[in-house]
*Asks:* 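Dumping the structure here so I can ask a few things about it.
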Amino acid sequence: EPEVTQTPSHQVTQMGQEVILRCVPISNHLYFYWYRQILGQKVEFLVSFYNNEISEKSEIFDDQFSVERPDGSNFTLKIRSTKLEDSAMYFCASSRRDNEQFFGPGTRLTVL
Amino acid sequence: AQSVSQHNHHVILSEAASLELGCNYSYGGTVNLFWYVQYPGQHLQLLLKYFSGDPLVKGIKGFEAEFIKSKFSFNLRKPSVQWSDTAEYFCAVNRASGGSYIPTFGRGTSLIVHP
(Lines give C-alpha, C1' and ligand atoms only; values in the text may rest on other atoms or scores of the structure.)
Protein backbone atom coordinates (compact mmCIF):
# COMPACT_ATOMS: atom_id res chain seq x y z
CA GLU A 1 0.00 0.00 0.00
CA PRO A 2 1.46 3.40 -0.93
CA GLU A 3 2.35 5.68 1.94
CA VAL A 4 3.73 9.10 2.67
CA THR A 5 7.35 9.09 3.76
CA GLN A 6 9.32 11.75 5.62
CA THR A 7 13.00 12.34 6.26
CA PRO A 8 14.73 12.71 8.57
CA SER A 9 12.83 11.07 11.39
CA HIS A 10 14.63 13.29 13.90
CA GLN A 11 16.45 16.57 13.28
CA VAL A 12 18.43 18.44 15.91
CA THR A 13 19.52 21.97 15.13
CA GLN A 14 20.85 25.09 16.79
CA MET A 15 18.65 28.12 17.20
CA GLY A 16 18.95 30.42 14.20
CA GLN A 17 19.88 27.67 11.77
CA GLU A 18 17.90 26.76 8.69
CA VAL A 19 16.29 23.34 8.42
CA ILE A 20 14.61 21.57 5.54
CA LEU A 21 12.14 18.81 6.25
CA ARG A 22 11.42 16.47 3.40
CA CYS A 23 8.34 14.55 2.40
CA VAL A 24 7.51 12.20 -0.44
CA PRO A 25 3.73 12.22 -0.89
CA ILE A 26 1.74 9.39 -2.44
CA SER A 27 2.43 9.50 -6.14
CA ASN A 28 -1.04 10.15 -7.59
CA HIS A 29 -2.01 12.71 -4.95
CA LEU A 30 -2.44 16.35 -5.87
CA TYR A 31 -2.81 18.15 -2.55
CA PHE A 32 -0.04 18.41 0.00
CA TYR A 33 -0.03 19.62 3.57
CA TRP A 34 2.21 20.31 6.52
CA TYR A 35 1.11 20.13 10.14
CA ARG A 36 2.94 20.43 13.40
CA GLN A 37 2.36 19.03 16.85
CA ILE A 38 4.11 20.61 19.79
CA LEU A 39 4.63 18.07 22.55
CA GLY A 40 1.42 17.56 24.50
CA GLN A 41 -0.63 19.80 22.24
CA LYS A 42 -2.95 19.33 19.30
CA VAL A 43 -2.03 18.77 15.68
CA GLU A 44 -2.04 22.20 13.98
CA PHE A 45 -2.44 22.96 10.31
CA LEU A 46 0.42 24.94 8.76
CA VAL A 47 -0.06 25.04 5.01
CA SER A 48 -1.70 23.37 2.04
CA PHE A 49 -0.21 23.26 -1.45
CA TYR A 50 -1.80 22.53 -4.80
CA ASN A 51 -0.75 23.08 -8.39
CA ASN A 52 2.65 24.39 -7.32
CA GLU A 53 1.36 27.10 -5.07
CA ILE A 54 0.15 27.62 -1.55
CA SER A 55 -3.63 27.31 -1.39
CA GLU A 56 -4.02 28.09 2.28
CA LYS A 57 -1.80 28.84 5.26
CA SER A 58 -2.41 29.35 8.94
CA GLU A 59 -1.21 32.22 11.10
CA ILE A 60 1.58 29.96 12.32
CA PHE A 61 3.04 29.84 8.81
CA ASP A 62 4.87 33.17 8.91
CA ASP A 63 7.72 34.49 6.78
CA GLN A 64 10.26 32.12 8.29
CA PHE A 65 8.45 29.16 6.73
CA SER A 66 8.37 28.21 3.08
CA VAL A 67 7.32 25.18 1.09
CA GLU A 68 8.48 23.86 -2.21
CA ARG A 69 7.91 21.00 -4.57
CA PRO A 70 11.33 20.99 -6.23
CA ASP A 71 10.68 17.96 -8.42
CA GLY A 72 7.88 15.54 -9.18
CA SER A 73 8.14 13.64 -5.96
CA ASN A 74 9.44 15.70 -3.04
CA PHE A 75 7.57 18.28 -0.95
CA THR A 76 9.71 20.27 1.47
CA LEU A 77 9.18 22.56 4.42
CA LYS A 78 11.94 25.05 5.12
CA ILE A 79 12.30 26.94 8.36
CA ARG A 80 14.67 29.81 7.69
CA SER A 81 15.89 30.72 11.16
CA THR A 82 14.74 28.26 13.77
CA LYS A 83 13.51 29.30 17.18
CA LEU A 84 13.21 27.24 20.34
CA GLU A 85 9.44 27.24 19.97
CA ASP A 86 9.72 25.54 16.57
CA SER A 87 10.57 22.30 18.37
CA ALA A 88 7.73 19.95 17.46
CA MET A 89 6.71 16.97 15.36
CA TYR A 90 6.11 18.01 11.78
CA PHE A 91 3.72 15.88 9.75
CA CYS A 92 3.36 15.88 6.02
CA ALA A 93 0.11 14.68 4.41
CA SER A 94 -1.23 14.27 0.92
CA SER A 95 -4.62 13.68 -0.64
CA ARG A 96 -6.41 13.33 -3.91
CA ARG A 97 -9.29 15.68 -4.55
CA ASP A 98 -11.47 13.78 -2.10
CA ASN A 99 -11.52 14.26 1.59
CA GLU A 100 -9.11 11.81 3.11
CA GLN A 101 -5.57 12.86 3.91
CA PHE A 102 -2.79 10.34 4.37
CA PHE A 103 -0.14 11.26 6.89
CA GLY A 104 3.55 10.56 7.02
CA PRO A 105 5.35 9.31 10.14
CA GLY A 106 6.56 12.77 11.08
CA THR A 107 9.89 14.47 11.68
CA ARG A 108 10.76 15.37 15.23
CA LEU A 109 12.52 18.74 15.19
CA THR A 110 14.52 19.72 18.25
CA VAL A 111 15.90 23.25 18.39
CA LEU A 112 18.63 23.82 20.97
CA ALA B 1 -13.97 29.49 13.15
CA GLN B 2 -14.38 25.83 13.85
CA SER B 3 -13.06 24.04 16.90
CA VAL B 4 -12.91 20.48 18.16
CA SER B 5 -13.00 19.44 21.80
CA GLN B 6 -11.94 16.08 23.11
CA HIS B 7 -12.98 15.83 26.72
CA ASN B 8 -10.80 12.97 27.87
CA HIS B 9 -7.10 13.66 27.62
CA HIS B 10 -5.98 10.43 29.29
CA VAL B 11 -7.95 7.20 29.56
CA ILE B 12 -6.71 4.03 31.23
CA LEU B 13 -8.66 0.80 30.79
CA SER B 14 -8.23 -2.89 31.31
CA GLU B 15 -8.56 -5.28 28.40
CA ALA B 16 -12.15 -6.16 27.51
CA ALA B 17 -13.47 -2.92 28.98
CA SER B 18 -15.72 -0.78 26.82
CA LEU B 19 -14.44 2.50 25.42
CA GLU B 20 -16.12 5.77 24.60
CA LEU B 21 -14.11 8.86 23.69
CA GLY B 22 -15.97 12.13 23.45
CA CYS B 23 -15.63 14.61 20.61
CA ASN B 24 -17.61 17.81 20.17
CA TYR B 25 -17.16 20.33 17.43
CA SER B 26 -18.34 23.79 16.63
CA TYR B 27 -18.88 24.67 13.01
CA GLY B 28 -21.84 26.18 11.28
CA GLY B 29 -21.57 24.47 7.92
CA THR B 30 -21.59 20.95 6.57
CA VAL B 31 -19.03 18.87 8.37
CA ASN B 32 -16.95 15.88 7.52
CA LEU B 33 -15.77 14.13 10.65
CA PHE B 34 -12.85 11.84 11.25
CA TRP B 35 -11.15 9.83 13.93
CA TYR B 36 -7.45 9.21 13.52
CA VAL B 37 -5.25 6.93 15.59
CA GLN B 38 -1.53 7.22 16.23
CA TYR B 39 0.09 4.08 17.60
CA PRO B 40 3.36 4.55 19.49
CA GLY B 41 6.11 5.46 17.07
CA GLN B 42 3.82 5.38 14.06
CA HIS B 43 2.03 7.94 11.95
CA LEU B 44 -1.56 9.10 12.00
CA GLN B 45 -3.93 6.57 10.47
CA LEU B 46 -7.58 6.97 9.65
CA LEU B 47 -9.89 4.93 11.89
CA LEU B 48 -13.18 6.01 10.40
CA LYS B 49 -14.93 8.94 8.75
CA TYR B 50 -18.38 10.41 8.38
CA PHE B 51 -19.42 12.35 5.29
CA SER B 52 -23.17 11.79 5.07
CA GLY B 53 -25.83 9.10 5.37
CA ASP B 54 -26.00 6.65 8.27
CA PRO B 55 -24.81 8.54 11.36
CA LEU B 56 -23.42 5.33 12.84
CA VAL B 57 -20.10 4.75 11.18
CA LYS B 58 -18.07 1.59 11.46
CA GLY B 59 -14.31 1.75 11.10
CA ILE B 60 -11.36 -0.55 11.30
CA LYS B 61 -10.44 -2.75 14.25
CA GLY B 62 -13.95 -2.85 15.70
CA PHE B 63 -14.28 0.89 16.25
CA GLU B 64 -17.44 2.81 15.52
CA ALA B 65 -18.59 6.38 15.95
CA GLU B 66 -21.96 8.06 16.04
CA PHE B 67 -22.65 11.46 14.57
CA ILE B 68 -25.32 13.28 16.57
CA LYS B 69 -25.99 16.51 14.75
CA SER B 70 -28.13 18.04 17.49
CA LYS B 71 -25.33 17.59 19.99
CA PHE B 72 -22.49 18.48 17.61
CA SER B 73 -20.85 15.25 18.70
CA PHE B 74 -18.96 12.41 17.09
CA ASN B 75 -18.04 10.02 19.88
CA LEU B 76 -15.80 7.03 19.28
CA ARG B 77 -16.72 3.67 20.76
CA LYS B 78 -15.41 0.15 21.00
CA PRO B 79 -17.22 -2.52 23.01
CA SER B 80 -14.12 -4.41 24.11
CA VAL B 81 -10.65 -2.90 23.96
CA GLN B 82 -7.40 -4.79 23.53
CA TRP B 83 -3.89 -4.04 24.69
CA SER B 84 -3.00 -3.26 21.08
CA ASP B 85 -5.47 -0.35 21.12
CA THR B 86 -3.02 1.63 23.26
CA ALA B 87 -2.50 4.77 21.19
CA GLU B 88 -3.32 8.45 20.80
CA TYR B 89 -6.75 9.15 19.28
CA PHE B 90 -7.58 12.36 17.44
CA CYS B 91 -10.96 13.65 16.38
CA ALA B 92 -10.97 16.00 13.38
CA VAL B 93 -13.46 18.15 11.51
CA ASN B 94 -12.86 19.05 7.88
CA ARG B 95 -13.82 22.23 6.17
CA ALA B 96 -13.66 22.76 2.44
CA SER B 97 -10.82 24.95 1.17
CA GLY B 98 -10.12 25.63 -2.48
CA GLY B 99 -10.85 22.15 -3.74
CA SER B 100 -9.27 20.36 -0.82
CA TYR B 101 -10.16 20.04 2.83
CA ILE B 102 -8.43 21.37 5.90
CA PRO B 103 -8.95 19.46 9.12
CA THR B 104 -9.10 20.98 12.54
CA PHE B 105 -7.87 18.47 15.08
CA GLY B 106 -8.85 17.97 18.65
CA ARG B 107 -6.17 17.85 21.29
CA GLY B 108 -6.08 14.09 21.32
CA THR B 109 -6.83 11.41 23.88
CA SER B 110 -4.14 9.12 25.13
CA LEU B 111 -5.52 5.61 25.68
CA ILE B 112 -3.60 3.06 27.71
CA VAL B 113 -4.98 -0.47 27.87
CA HIS B 114 -3.59 -2.74 30.52
CA PRO B 115 -3.41 -6.45 29.68
Side-chain angles (χ1 to χ4, degrees), chain A residues 1-7 9-10 21 23-26 29-61 67 75 88-108, chain B residues 1-10 21 23-27 29-53 57 59-60 67 74 87-110:
Chain A
E1 189 176 329
E3 57 184 27
V4 177
T5 59
Q6 289 184 243
T7 54
S9 56
H10 192 186
L21 309 182
C23 169
V24 179
I26 294 173
H29 286 186
L30 301 175
Y31 297 86
F32 313 110
Y33 313 82
W34 282 102
Y35 299 85
R36 79 170 184 193
Q37 185 182 23
I38 294 171
L39 187 65
Q41 298 186 26
K42 62 175 71 174
V43 177
E44 300 172 292
F45 167 74
L46 291 177
V47 65
S48 61
F49 191 86
Y50 171 70
N51 202 25
N52 284 319
E53 60 183 25
I54 291 173
S55 49
E56 183 165 341
K57 59 183 181 179
S58 70
E59 61 271 15
I60 303 168
F61 193 87
V67 289
F75 179 51
M89 280 291 283
Y90 288 82
F91 293 102
C92 173
S94 69
S95 71
R96 297 181 303 227
R97 195 176 179 85
D98 63 14
N99 220 332
E100 182 179 344
Q101 297 182 16
F102 292 80
F103 287 81
T107 293
R108 179 170 297 286
Chain B
Q2 59 188 27
S3 65
V4 178
S5 299
Q6 290 183 241
H7 316 298
N8 322 96
H9 298 314
H10 300 281
L21 302 182
C23 173
N24 285 90
Y25 64 93
S26 64
Y27 182 60
T30 301
V31 291
N32 297 311
L33 297 154
F34 301 78
W35 275 96
Y36 285 90
V37 60
Q38 187 177 24
Y39 297 104
Q42 298 187 29
H43 47 103
L44 286 163
Q45 301 172 45
L46 184 68
L47 262 184
L48 47 79
K49 59 188 177 186
Y50 171 79
F51 288 177
S52 63
V57 180
I60 60 171
F67 170 54
F74 190 57
E88 191 89 14
Y89 291 82
F90 296 92
C91 181
V93 175
N94 268 18
R95 61 176 172 83
S97 172
S100 70
Y101 297 85
I102 305 299
T104 298
F105 283 87
R107 193 178 160 176
T109 298
S110 173

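Quick note on labels: first sequence line is chain A, next is B, and so on, each numbered from 1.
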*Asks:* Check the angle between the aromatic planes of B:Tyr50 and B:Phe74 and answer parallel, tilted or perpendicular using the 30° and 60° thresholds.
*Replies:*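 Tilted, since the angle between the ring planes falls between 30° and 60°.
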*Asks:* With A:Tyr35 as reference, evaluate A:Phe61, A:Phe103, A:Tyr90 under the ring pair (Phe, Tyr, Trp, His ring centres under 6.0 Å) test and give the passing residue.
*Replies:*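 Exactly one candidate clears the test, A:Phe103.
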*Asks:* Relative to chain A, which segment of B:Leu44 carries a heavy atom at a distance below 4.5 Å: side chain, backbone, both, or neither?
*Replies:*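 It is both, since atoms from each part get that close.
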*Asks:* Quick one: pull up CG in A:Leu46 and CZ in A:Arg36 and give me the separation to the nearest 0.5 Å.
*Replies:*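 These two atoms lie 6.5 Å from each other.
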*Asks:* Find out whether B:Trp35 and B:Cys23 are in side-chain contact, i.e. whether some heavy atom of one side chain is under 4.5 Å from a heavy atom of the other.
*Replies:*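 Answer yes - side chains close enough.
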*Asks:* Relative to chain A, which segment of B:Gln45 carries a heavy atom at a distance below 4.5 Å: side chain, backbone, both, or neither?
*Replies:*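 For B:Gln45, no heavy atom lies under 4.5 Å from chain A.
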*Asks:* Is A:Glu44 in contact with chain B via its backbone, its side chain, both, or neither, using a 4.5 Å heavy-atom distance?
*Replies:*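 For A:Glu44, neither part sits under 4.5 Å from chain B.
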